[in-house]
**Q** 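The structure's right below; bear with me while I get my questions together.
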Amino acid sequence: MEELEIKKYGGVDLGKSSVQFSIYFEGREEMTEESFPIPPESRQDYIAAGIELVKKYMEVNRHAWSEFSDVNFVLEDASETNRDRLRNLLVDDFRGFQEVKIITRFRAFAEYVFHQERIIWDRNTLLLDYHDHRLRYILIDQLRRSRQKAYHAVEKEINLDEYHIVEGAPDQDQNFGQMMKRFLVKHPANIIFLTGEGFEGDWMKKTLSYLCAGRRVFLGQNLYANGACLLGVHSIELMDEGMILLDGPEMVYHTVGVVTAEAGKPQYLPITSIGREWYNTRGSVDIILDKSQRVEFFYHNTKENEMEGAVCEVTDLPKRPPKTTRIRIEVSFTSQTEGVILLTDLGFGEMFPATGKIIVFPFSLVS
């Protein structure tokens with residue numbers, strides 16, 4: 001009997017003070033977690049330092065990037081400069097078998113939550129990330145509590161100075177606990193995750209006692225790396241269906257689509273979906289032109305539930321009868337609210353050969 005193939009998926013979270021590396025073994029349903037502190041003298045280029053630490057670990061444990069079915073990287077600061085820096089560092093390692101895939105920590109946490117059992121994400125979920133004297137939170141709550149539920153996630157920062165919270169001070173636990181009491185009155189949560197070096201040590205006795213009262217609380221440093229790792233295993237159905245709105249920097253909340261006929265009735269067909277960073281949002285579809293020789297696009301703002309449209313005229317193609325021109329539509333974003341649509345003439349079989357002509361149709365969305 002042949003041994004079952006064990007697929008590996010990797011997730012790497014590159015932080016400014018440490019790097020987290022998670023590996024998921026699909027056949028064994030097992031996750032390994034590693035954490036490596038970045039020396040203070042190497043933090044100016046923490047991306048290069050973090051990658052070097054991961055490579056050393058892989059070398060010692062005889063791992064190779066080419067053995068992974070999928071790898072996703074998380075950046076604490078996912079700016080374009082940092083994304084380019086990471087890709088340049090890995091271009092030789094990944095050349096020929098997969099691209100360097102990069103996501104934000106916001107997306108990574110959402111991926112982690114919605115890859116868990118339903119009891120975790122079926123109620124309001126909160127992440128508190130406390131490090132470098134800053135407290136950031138991600139709150140995932142339900143927009144609708146009907147049978148087909150929709151979810152909204154937001155990422156914000158709490159000003160600790162407003163609550164007189166000073167790390168190491170005698171009243172840190174007292175003040176932090178009071179802050180969380182006020183916060184949870186306005187933003188109820190049933191599941192709470194804690195991450196970041198700020199939660200290390202034994203200072204938060206009163207705070208932890210309050211947080212655990214009637215709630216489930218988890219503490220872990222590999223949440224982002226785990227989420228990136230699980231992203232490679234399979235996509236989230238709710239996200240593919242546009243039922244999870246990630247309302248934060250870099251995230252797309254518009255869908256780009258066309259109207260098609262379904263059983264004789266017009267129906268909106270999304271080409272792209274929400275819930276991803278703009279630089280990870282793209283899609284394609286093939287359509288058949290009717291006699292109008294034009295394509296009407298619709299941009300759905302899922303945040304405000306508003307729709308706007310635009311018409312692209314398909315010109316300079318050979319004269320063909322109606323419904324004998326097949327067009328491939330490819331959509332990609334160039335920012336959170338801007339992008340470009342490419343329309344390629346595919347013709348229609350041997351009788352109406354393709355010209356390969358490409359029409360470039362840029363778009364700018366009302367945010």
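These numbers were taken from a predicted model, which means no experiment stands behind them. All values below come from the heavy atoms of this structure, side chains included, with hydrogens, waters and symmetry mates left out.
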**Q** Relative to each other, are the rings of Phe298 and Tyr268 parallel, tilted or perpendicular (30° and 60° limits)?
**A** perpendicular

**Q** Can you tell me which residue pairs pass the salt bridge (Lys or Arg N to Asp or Glu O under 4.0 Å) test with a partner in residues 28-37, sequence neighbours excluded?
**A** Arg28-Glu30

**Q** If we count only N and O atoms by modelled type, under 3.5 Å, do the side chains of Asp171 and Gln174 hold a donor and an acceptor together?
**A** no

**Q** Would you list the pairs meeting salt bridge (Lys or Arg N to Asp or Glu O under 4.0 Å) in which at least one residue belongs to residues 247-261, sequence neighbours left out?
**A** Asp247-Lys303

**Q** Would Asp173 and Lys205 satisfy salt bridge (charged side-chain N to carboxylate O under 4.0 Å, His left out), going step by step from the backbone distance to the final call?
**A** CA-CA 7 Å; Asp173 187 16; Lys205 294 181 175 64; over 6 Å; no

**Q** Does Asn159 have more than 12 heavy atoms from other residues, nucleotides or ligands lying within 6.0 Å of its CG?
**A** yes

**Q** So, applying side-chain contact (heavy atoms from CB on, under 4.5 Å) with Asn72, which one of Asp13, Val100, Asn280, Leu231 is it?
**A** Leu231

**Q** Can you say whether the rings of Tyr130 and Phe199 are parallel (under 30°), tilted (30 to 60°) or perpendicular (over 60°)?
**A** perpendicular

**Q** Applying salt bridge (Lys or Arg N to Asp or Glu O under 4.0 Å) as the test, list every pair that has at least one member in residues 87-99; sequence neighbours left out.
**A** Lys55-Asp93, Asp84-Arg87, Asp92-Arg95

**Q** Do the side chain of Thr302 and the main chain of Tyr253 share a donor and acceptor less than 3.5 angstrom apart?
**A** yes

**Q** Is there side-chain contact between Asn226 and His115, with at least one heavy-atom pair below 4.5 Å?
**A** no

**Q** Does Glu313 reach the main-chain N or O of Arg294 with its side chain, forming a donor-acceptor pair under 3.5 Å?
**A** no

**Q** Ring-plane angle category for Tyr9 and Tyr24, please: parallel below 30°, perpendicular beyond 60°, tilted otherwise.
**A** tilted

**Q** Flag the pair Phe73 / Val54 as yes when at least one side-chain heavy-atom distance between them is below 4.5 Å, and no otherwise.
**A** no

**Q** Have a look at Phe176 and tell me which of Tyr163, Tyr210, Trp203, Phe183 forms a ring pair (Phe, Tyr, Trp, His ring centres under 6.0 Å) with it.
**A** Trp203

**Q** So how far is it from Asn190 CG to Asp141 CG, rounded to the nearest 0.5 Å?
**A** 11.0 Å

**Q** Under the salt bridge (Lys or Arg N to Asp or Glu O under 4.0 Å) rule, what pairs show up with a residue in residues 65-74, not counting sequence neighbours?
**A** Lys8-Glu67, Asp70-Lys101

**Q** Would you call the rings of Trp121 and Phe114 parallel, tilted or perpendicular, taking 30° and 60° as the class edges?
**A** tilted

**Q** So, Asp240 and Arg276, do they make that salt bridge, N to O below 4.0 Å?
**A** yes

**Q** Please tabulate, for the side chains in residues 327-335, all donor-acceptor contacts under 3.5 angstrom to protein atoms that are two or more places apart in sequence or on a different chain.
**A**
residue : atom : partner : partner atom : Å
Arg328  : NE   : Asp286  : OD1          : 2.8
Arg328  : NH2  : Asp286  : OD2          : 2.9
Thr334  : OG1  : Glu338  : O            : 3.4
Ser335  : OG   : Thr337  : N            : 3.4
Ser335  : OG   : Glu338  : N            : 3.1

**Q** Around Glu41, counting heavy atoms of other residues, nucleotides and ligands shown, do more than 12 lie under 6.0 Å from its CD?
**A** yes

**Q** Looking only at the aromatic ring of each residue, does the gap between the centers of Phe109 and Phe106 stay below 6.0 angstrom?
**A** no

**Q** Would you tell me whether Thr195 and Tyr224 have side-chain atoms, one donor and one acceptor, within less than 3.5 Å of each other?
**A** no

**Q** May I ask you to say whether Arg136 pairs ionically with Glu157, meaning some side-chain N is under 4.0 Å from a carboxylate O?
**A** no

**Q** When the aromatic ring centroids of Tyr57 and Phe36 are compared, is their separation below 6.0 Å?
**A** yes

**Q** Set out, in order, the CA-CA distance, both residues' side-chain angles and the distance that settles side chain to side chain donor-acceptor pair (under 3.5 Å) for Asp122 and Tyr151, then state yes or no.
**A** CA-CA 9 Å; Asp122 202 31; Tyr151 298 84; 3.2 Å; yes

**Q** Name all residues meeting the side-chain hydrogen bond (donor to acceptor under 3.5 Å, both in side chains) criterion together with Thr325; count only those two or more places apart in sequence or in a different chain, and write none if there are none.
**A** Arg320

**Q** In this structure, which one of Leu230, Val74, Ile236 forms a side-chain contact (heavy atoms from CB on, under 4.5 Å) with Glu111?
**A** Ile236

**Q** If only atom types and distance count, is the side chain of Thr125 paired as donor or acceptor with the main-chain N or O of Arg123 below 3.5 Å?
**A** yes

**Q** Give the ring-plane orientation class for Trp65 versus Phe68, where under 30° counts as parallel, over 60° as perpendicular and anything between as tilted.
**A** tilted

**Q** Does atom CZ (Arg43) have a neighbourhood of more than 12 heavy atoms from anything else shown, all under 6.0 Å?
**A** yes

**Q** Between atom CZ of Phe193 and atom CG of Leu126, what is the distance when rounded to the nearest 0.5 Å?
**A** 10.0 Å

